[in-house]
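A note on names: the letters A, B, ... follow the listed sequences, proteins ahead of strands, and every chain is numbered from 1. Quick note: numbers below take in every heavy atom, side chains included, and nothing from hydrogens, waters or symmetry partners.
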Protein chains: 2
Amino acid sequence: MAASQNLRMTRQRQVILEELRKVNSHPSADQVYERVRRRLRRISLGTVYRNLEILSQLGLIRKLDLGGTQRRFDGDLTTHYHIRCIKCGCVEDVPLEARTNLEDAVRSVTDYRIIGHSLEFIGLCPRCNKKKSARTKGR
Amino acid sequence: MAASQNLRMTRQRQVILEELRKVNSHPSADQVYERVRRRLRRISLGTVYRNLEILSQLGLIRKLDLGGTQRRFDGDLTTHYHIRCIKCGCVEDVPLEARTNLEDAVRSVTDYRIIGHSLEFIGLCPRCNKKKSARTKGR
DNA sequence: TTACTTGCAAATCGTTTGCGATATA
DNA sequence: TATATCGCAAACGATTTGCAAGTAA
């Protein structure tokens with residue numbers, strides 16, 4: 001497993017981590033690739049994928065395996081929830097503290113060993129919400 | 001959009017819907033395909049995908065776009081939560097009533113128009129939990 | 001009859017991986 | 001120097017799609 005290997009902090013790995021910590025969006029692998037490429041022009045998408053995986057196994061970043069077709073990555077390690085715009089697909093943080101009591105509630109009604117939970121809200125971001133009203137009005 | 005088309009209830013569509021309502025697991029498209037194929041031997045995987053999409057747009061089934069690499073489908077339309085086994089990947093229902101208050105909480109702290117939320121628990125199913133203890137003990 | 005659907009196969013999308021070259025510790 | 005890592009390209013798994021033939025209304 002990666003965590004037990006002898007890891008090297010390569011320039012690529014370093015820059016990927018920096019860029020991910022710099023943004024508060026929740027970029028997909030190819031969005032990370034785009035950003036990192038501005039600083040390291042010859043980096044490959046495969047390297048980005050490999051390092052995102054390693055960094056998340058090290059616990060330095062978080063892999064978001066929520067809805068949508070693409071996986072997303074988060075440099076913010078504190079437990080928090082997300083909201084996704086159903087229209088443009090953007091993902092933002094929700095300033096809501098973690099509801100660990102949800103897990104307790106489940107423990108009392110299941111035989112599963114509960115490890116965690118993921119909660120995602122779906123909605124329209126302010127920008128898309130505005131656009132949509134405008135268009136509806138126009139009809 | 002499919003919902004506005006003139007839909008035909010073909011045998012394929014019918015059987016897919018029946019099979020999905022029959023099970024209380026949450027099969028992926030190819031699992032549905034396997035089941036349906038027992039009754040319609042010449043059906044193609046593409047047809048299954050197309051119909052699952054149409055049926056979910058009609059609101060006759062639910063598309064589960066949660067974590068994991070494969071999308072899953074649910075014939076149970078009532079709002080409920082799921083728990084996924086981190087080891088074997090199986091998905092089961094959680095007998096917990098919907099926490100709509102979560103959405104209210106988010107509405108008060110965001111500009112998004114909240115449409116819904118999805119909550120998934122992660123854990124070890126009783127079967128995998130047992131297996132894991134056994135293996136650990138053996139070491 | 002008509003146009004929605006099908007089966008089939010090829011295409012697409014996101015992600016992973018094999019390999020020989022490179023560079024870090 | 002040794003080997004983790006890289007860039008590249010091919011492979012992969014899940015899903016989508018183009019097309020000619022089939023079929024429900």
Side-chain angles (χ1 to χ4, degrees), chain A residues 1-20 26-58 60-73 84 89 91, chain B residues 1-20 26-58 60-73 84 89 91:
Chain A
M1 204 157 282
S4 62
Q5 286 170 209
N6 222 357
L7 290 178
R8 294 174 186 172
M9 187 47 75
T10 60
R11 180 111 184 87
Q12 288 87 336
R13 190 162 298 164
Q14 182 71 45
V15 170
I16 289 170
L17 182 55
E18 283 174 15
E19 289 301 317
L20 202 47
H26 305 73
S28 57
D30 59 283
Q31 287 172 333
V32 172
Y33 175 55
E34 281 309 320
R35 290 195 132 266
V36 169
R37 197 143 69 135
R38 294 182 205 149
R39 296 173 57 186
L40 306 174
R41 315 173 204 161
R42 296 194 48 74
I43 197 173
S44 78
L45 183 56
T47 297
V48 171
Y49 270 104
R50 264 187 290 238
N51 279 301
L52 287 171
E53 179 60 32
I54 289 173
L55 289 170
S56 83
Q57 284 194 16
L58 290 175
L60 294 174
I61 66 174
R62 186 162 290 171
K63 203 194 295 186
L64 303 181
D65 213 354
L66 301 171
T69 90
Q70 288 174 276
R71 184 170 297 153
R72 288 167 174 276
F73 298 86
R84 169 195 310 274
V91 175
Chain B
M1 204 157 284
S4 62
Q5 287 170 207
N6 222 356
L7 290 179
R8 293 175 187 169
M9 187 48 74
T10 60
R11 180 111 184 88
Q12 288 87 336
R13 192 163 296 163
Q14 182 70 46
V15 171
I16 289 170
L17 182 55
E18 284 173 14
E19 289 300 318
L20 204 45
H26 305 73
S28 56
D30 59 284
Q31 287 171 334
V32 173
Y33 175 56
E34 281 308 321
R35 291 195 132 266
V36 169
R37 195 143 68 138
R38 294 183 206 150
R39 295 174 56 186
L40 306 173
R41 318 176 201 159
R42 295 193 51 74
I43 198 171
S44 78
L45 183 56
T47 296
V48 171
Y49 270 105
R50 265 185 291 236
N51 279 302
L52 287 171
E53 180 59 32
I54 289 173
L55 290 170
S56 84
Q57 283 193 18
L58 290 174
L60 295 175
I61 65 172
R62 186 161 290 170
K63 202 195 296 186
L64 303 180
D65 214 354
L66 302 170
T69 92
Q70 287 174 278
R71 183 171 299 152
R72 288 167 173 276
F73 298 86
R84 171 196 309 276
V91 174

Side-chain N or O of N51(A) less than 4.0 angstrom from OP1 or OP2 on dC6(D)? yes
Of G46(A) and T69(A), the one whose nearest nucleotide on DNA chain C sits closer to the 5' end is T69(A)
If you find the nucleotide of DNA chain D closest to S28(B) and the one closest to M9(B), which residue's nucleotide is nearer the 5' end? S28(B)
Between Q31(B) (side chain) and S28(B) (backbone), is there a donor-acceptor pair under 3.5 Å? yes
CD of Q70(A) versus C1' of dC13(C): gap in Å, rounded?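 Those two atoms, CD and C1', are 9 Å apart.
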Whole Å only: how far is the CD atom of Q31(A) from the P atom of dG14(C)? 10 Å
Round to a whole Å and report the spacing from CG of L45(B) to P of dT12(C).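 The answer, rounded to whole Å, is 18 Å.
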Atom CZ of R39(B): over 12 foreign heavy atoms under 6.0 Å: yes
Determine whether a donor-acceptor pair (one donor, one acceptor, N or O, separation below 3.5 Å) exists between the side chain of R8(B) and the base of dA3(C).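 Side chain to base: pair present.
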Hey, which of L58(B), T47(B), N51(B), L52(B) is the one that makes side-chain contact (heavy atoms from CB on, under 4.5 Å) with R13(B)? N51(B)
Short side-chain N/O contact to dC8(C) OP1/OP2 from S44(B), under 4.0 Å: no
note: I54(B), atom CD1; dT17(D), atom C1'; distance rounded to Å ~ 13 Å
How is D30(A) classified with respect to the nucleic acid when contacts are heavy atoms under 4.0 Å: base, sugar-phosphate, or nothing?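 The answer is nothing, as D30(A) stays clear of every strand by at least 4.0 Å.
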With a 3.5 Å cut-off and just heavy-atom distances, do the side chain of R50(B) and the base of dG7(C) make a donor-acceptor pair?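 In this structure, the two groups form a donor-acceptor pair.
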Does dT24(C) have its OP1 or OP2 closer than 4.0 Å to a side-chain nitrogen or oxygen of Q12(A)?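 Answer is no, no contact under 4.0 Å.
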Nearest-nucleotide 5' precedence on DNA chain D, A29(B) against V48(A):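 Between the two, 5'-proximity favours V48(A).
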OP1 or OP2 of dT16(D) less than 4.0 angstrom from a side-chain nitrogen or oxygen of R71(B), does that happen here? yes
To the nearest Å, give me how far apart CD (E53(B)) and P (dT17(D)) are. 9 Å
Length of the OH-C1' vector between Y33(B) and dG13(D), whole Å: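 After rounding, the reported distance stands at 15 Å.
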To the nearest angstrom, how far is L52(B) atom CG from dT15(D) atom P?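 The distance from CG of L52(B) to P of dT15(D) comes to 10 Å, rounded to the nearest Å.
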Closest contact, heavy atoms only, K63(B) versus S56(B):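 Scanning both residues completely, I find the closest heavy atoms to be CE-OG, 3.6 Å.
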Phosphate oxygens OP1/OP2 of dT16(D): is one of them under 4.0 Å from a side-chain N or O of Y49(B)?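 Negative; the distance criterion is not met.
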Kindly say whether H26(A) contributes a backbone atom to a donor-acceptor pair with the side chain of R72(A) at under 3.5 angstrom? yes
Could you tell me whether the phosphate oxygens of dC8(C), OP1 or OP2, come under 4.0 Å of any side-chain nitrogen or oxygen in R42(B)?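 Answer is yes, contact under 4.0 Å.
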If only side-chain N and O atoms of T10(B) are considered, is one of them under 4.0 Å from the OP1 or OP2 phosphate oxygen of dT5(C)?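 Answer no for this pair, as no side-chain N or O of T10(B) is under 4.0 Å from OP1 or OP2.
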Please tell me which of the listed nucleotides, dG14(C), dT5(C), dT15(D), lies nearest to the side chain of L7(B)?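 Nucleotide nearest to L7(B)'s side chain: dT5(C).
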